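Computed from a prediction, not measured in an experiment: that's the story for all the values here.
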Amino acid sequence: MTLLHPLAAELEGIDLGDARLERRAQQIAARAACDPAKSFPKLVQDSSELEGLYRFFQNERVKAVEILRPHQVATAKRCAEHALVRVAHDTCAFRFTGDREGMGPLAGKGTGFYVHFGLVIGDGESRAPLGVVAINDFVRSQRREPISHSARTLKARRTPREEKESAKWMRSVDVAEEALQHRAAIHVMDREADDYTLLSELVGNGRRFVIRGHPERRLERGGEKLQHRLDGASAVFFRSVCLAERAKPKKGHAARGERSATLSVRSASIELCKPQFAQSDVPSIVLNVVQVYEPDPPPGEEPIEWTLLTTEAIDSVDAVEAIVDHYRARWRIEEYFRALKSGCSVEKRQLDDRAALVRALAVFAPIAWRLLAMRTLSRIEKPPSAATLFDEDDLLVVRLLASKRKHQMPTDPTVRDVMLALAAIGGHLKQNGDPGWITIGRGHDDFTLARVGFTAGRAHGL
């Protein structure tokens with residue numbers, strides 16, 4: 001399995017229309033990869049280099065899409081090793097302090113902007129992230145407030161499709177498909193994407209998807225609800241799972257402690273009719289539905305329920321299980337957002353406007369992916385050999401640095417062994433459990449700097 005390459009490979013062939021800008025982009029990315037969480041002034045060697053960095057991000061000739069393009073190409077190459085990939089789509093809010101140009105209101109308090117991402121995930125049980133193929137930033141003109149159904153309907157009728165926020169899902173799918181050169185991909189989205197116009201566009205364009213839907217939506221105007229149809233279906237199989245703790249309420253779901261749950265899974269085929277004001281010429285679409293539900297939750301606990309709308313077949317237990325697993329892969333993009341925010345400190349970047357910040361985000365996108373990929377492979381039940389991600393010189397440098405922290409790495413290490421060594425280099429203590437983003441980042445910083453010095457010394461015969 002080829003997953004990680006030196007970061008230089010994620011910028012190979014970058015074309016910004018100016019060789020100087022291209023060299024600057026590679027220089028900034030190399031600096032950022034050495035210590036992703038550091039502020040820009042601490043990343044560079046002197047004031048002239050810092051001035052060049054700021055000029056690069058403020059340069060209107062530099063397009064974020066062109067910064068990301070080499071990483072998209074590298075991602076497509078990694079996908080060639082997979083019969084099928086998933087593309088998880090979701091939106092992340094980036095909050096910034098101070099008066100900066102191009103910002104808009106965010107949910108709750110504060111200002112910033114939103115970015116819609118498409119993250120490619122491998123088809124195996126490890127759900128390894130393969131790269132980012134879509135980035136689309138946007139702002140809201142005003143903070144979302146509760147409005148009546150009639151007011152919402154009137155607004156929906158008056159707003160052109162291309163101006164609607166929901167259109168970002170289709171744009172992201174199109175960009176992802178082009179970047180992946182139309183390899184077999186299943187697009188995975190959360191409940192926000194349960195929109196008839198989007199669903200009909202995806203079906204009409206032959207896109208495969210698994211989208212979490214609303215069980216109370218009606219199959220036709222004034223007709224039967226989806227949940228009623230599913231209630232008449234028998235469970236296909238059962239699954240016992242351990243639910244992780246949710247320390248804080250999130251996306252309308254209450255906080256919960258860690259607990260086990262016995263889940264039932266049922267499926268059905270449906271015809272979904274066009275709602276009255278949907279901006280679509282398609283009168284109806286045929287979809288399959290898989291529902292994961294908890295029939296007997298503990299007293300006082302919110303029951304688990306996923307209602308998944310899909311183009312995938314449901315003609316066998318294996319097929320239904322695959323749909324559930326496709327949706328479970330969506331959580332990887334939530335971890336990616338944490339890598340961007342905690343591992344790369346994107347929200348702490350001191351740039352004056354949204355356009356500059358989006359250019360910086362395009363530089364950090366591959367770096368955050370690389371951190372996430374290393375962490376993901378270190379946590380699977382049987383981590384692969386470290387040789388799949390690190391060469392002999394990498395391992396030599398890690399071993400030397402870890403030994404200074406009195407951490408001994410095994411003779412034939414796995415990816416997890418290397419990750420624990422990197423965490424130890426970053427100051428992590430074994431008794432504190434699995435390392436977090438900050439300690440991994442620190443260890444990775446020291447390793448990267450030492451590796452650069454090692455290579456330079458070898459080139460000079462040292």
Side-chain angles (χ1 to χ4, degrees), residues 1-5 7 9-15 63-92 115-137 167-190 193 198-199 201-211 309-313 322-323 325-337 339-340 361-370 372-373 376-377:
M1 173 178 59
T2 304
L3 182 62
L4 295 184
H5 303 270
L7 189 66
E10 306 304 309
L11 286 173
E12 186 177 349
I14 187 171
D15 184 4
K63 306 300 181 186
V65 66
E66 297 303 332
I67 297 175
L68 187 68
R69 197 176 304 282
H71 175 62
Q72 291 174 315
V73 172
T75 299
K77 291 179 180 177
R78 286 186 283 271
C79 291
E81 300 181 14
H82 298 256
L84 176 72
V85 296
R86 301 109 165 196
V87 185
H89 301 263
D90 205 356
T91 302
C92 184
V115 181
H116 193 74
F117 290 87
L119 176 71
V120 185
I121 301 164
D123 56 355
E125 182 60 27
S126 66
R127 305 183 189 96
L130 303 180
V132 177
V133 286
I135 291 180
N136 176 36
D137 65 293
K168 66 182 181 288
W169 298 94
M170 195 66 219
R171 286 194 294 268
S172 182
V173 168
D174 289 341
V175 169
E177 288 282 343
E178 182 179 356
L180 296 178
Q181 302 170 5
H182 304 286
R183 288 181 171 86
I186 293 180
H187 299 276
V188 184
M189 308 175 192
D190 66 11
L198 173 63
L199 295 172
E201 288 175 341
L202 290 168
V203 171
N205 290 327
R207 307 306 189 204
R208 300 169 64 181
F209 61 81
V210 175
I211 296 176
L309 307 174
T310 183
T311 51
E312 299 302 287
I323 292 167
D325 287 338
H326 292 323
Y327 187 72
R328 288 176 62 209
R330 198 198 71 81
W331 269 264
R332 196 65 78 207
I333 198 169
E334 303 281 358
E335 295 176 329
Y336 178 71
F337 294 158
L340 278 172
L361 187 64
V363 169
F364 281 101
I367 297 172
W369 157 75
R370 194 169 192 266
L372 176 61
T376 299
L377 289 184

If you round to the nearest 0.5 Å, how far is [atom2] of [Y] from [atom1] of [X]?
X: D137; Y: K168; atom1: CG; atom2: NZ; answer: 12.5 Å
X: I121; Y: H82; atom1: CD1; atom2: NE2; answer: 11.5 Å
X: L199; Y: L309; atom1: CG; atom2: CG; answer: 6.0 Å
X: W331; Y: D190; atom1: CH2; atom2: CG; answer: 9.0 Å
X: T91; Y: N136; atom1: OG1; atom2: CG; answer: 8.5 Å
X: I67; Y: R69; atom1: CD1; atom2: CZ; answer: 11.5 Å

Does [X] reach the main-chain N or O of [Y] with its side chain, forming a donor-acceptor pair under 3.5 Å?
X: T310; Y: F209; result: yes
X: W369; Y: V132; result: no
X: R330; Y: V188; result: no
X: T376; Y: L372; result: yes
X: R332; Y: R127; result: yes
X: R86; Y: H187; result: no

Check against side chain to side chain contact (heavy atoms under 4.5 Å, CB included), I186 and I323
CA-CA 10 Å; I186 293 180; I323 292 167; over 6 Å; no
Report the residues that fulfil ring-ring contact (aromatic ring centres under 6.0 Å, His included) with F117, sequence neighbours left out, ordered by chain and then residue number.
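Partners of F117 under the ring-ring contact (aromatic ring centres under 6.0 Å, His included) test: Y336, F337.
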Who passes salt bridge (Lys or Arg N to Asp or Glu O under 4.0 Å) against D123, sequence neighbours left out?
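In terms of salt bridge (Lys or Arg N to Asp or Glu O under 4.0 Å), with neighbours along the sequence ignored, D123 is linked to no residue.
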For the residue pair [X] and [Y], what are the closest heavy atoms and their distance?
X: A64; Y: A362; answer: O-CB, 3.6 Å
X: A74; Y: E10; answer: CB-OE1, 3.4 Å
X: A184; Y: A83; answer: CB-O, 3.7 Å
X: A339; Y: A368; answer: CB-O, 3.8 Å
X: I135; Y: A365; answer: CD1-CB, 4.0 Å
X: L119; Y: G131; answer: CD1-O, 3.5 Å

Please say which of L180, V120, V175 ends up in a side chain to side chain contact (heavy atoms under 4.5 Å, CB included) with Q72.
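Single pass found, and it is V175.
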I need the full list of salt bridge (Lys or Arg N to Asp or Glu O under 4.0 Å) pairs touching residues 175-186, with sequence neighbours left out, sorted by first then second residue.
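Qualifying pairs, neighbours excluded: E177-R207.
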Between D174 and R171, is a salt bridge (Lys or Arg N to Asp or Glu O under 4.0 Å) present by the stated rule, with each step listed?
CA-CA 5 Å; D174 289 341; R171 286 194 294 268; over 6 Å; no
Check the pair L84, R208 against side chain to side chain contact (heavy atoms under 4.5 Å, CB included), reporting the backbone distance first and the verdict last.
CA-CA 11 Å; L84 176 72; R208 300 169 64 181; 3.8 Å; yes
Would L202 and T311 count as a side chain to side chain contact (heavy atoms under 4.5 Å, CB included) here? Give the steps.
CA-CA 9 Å; L202 290 168; T311 51; over 6 Å; no
Evaluate the ring planes of H116 and H89, with Trp represented by its six-membered ring, and classify them as parallel (under 30°), tilted (30 to 60°) or perpendicular (over 60°).
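Plane angle under 30°, so parallel.
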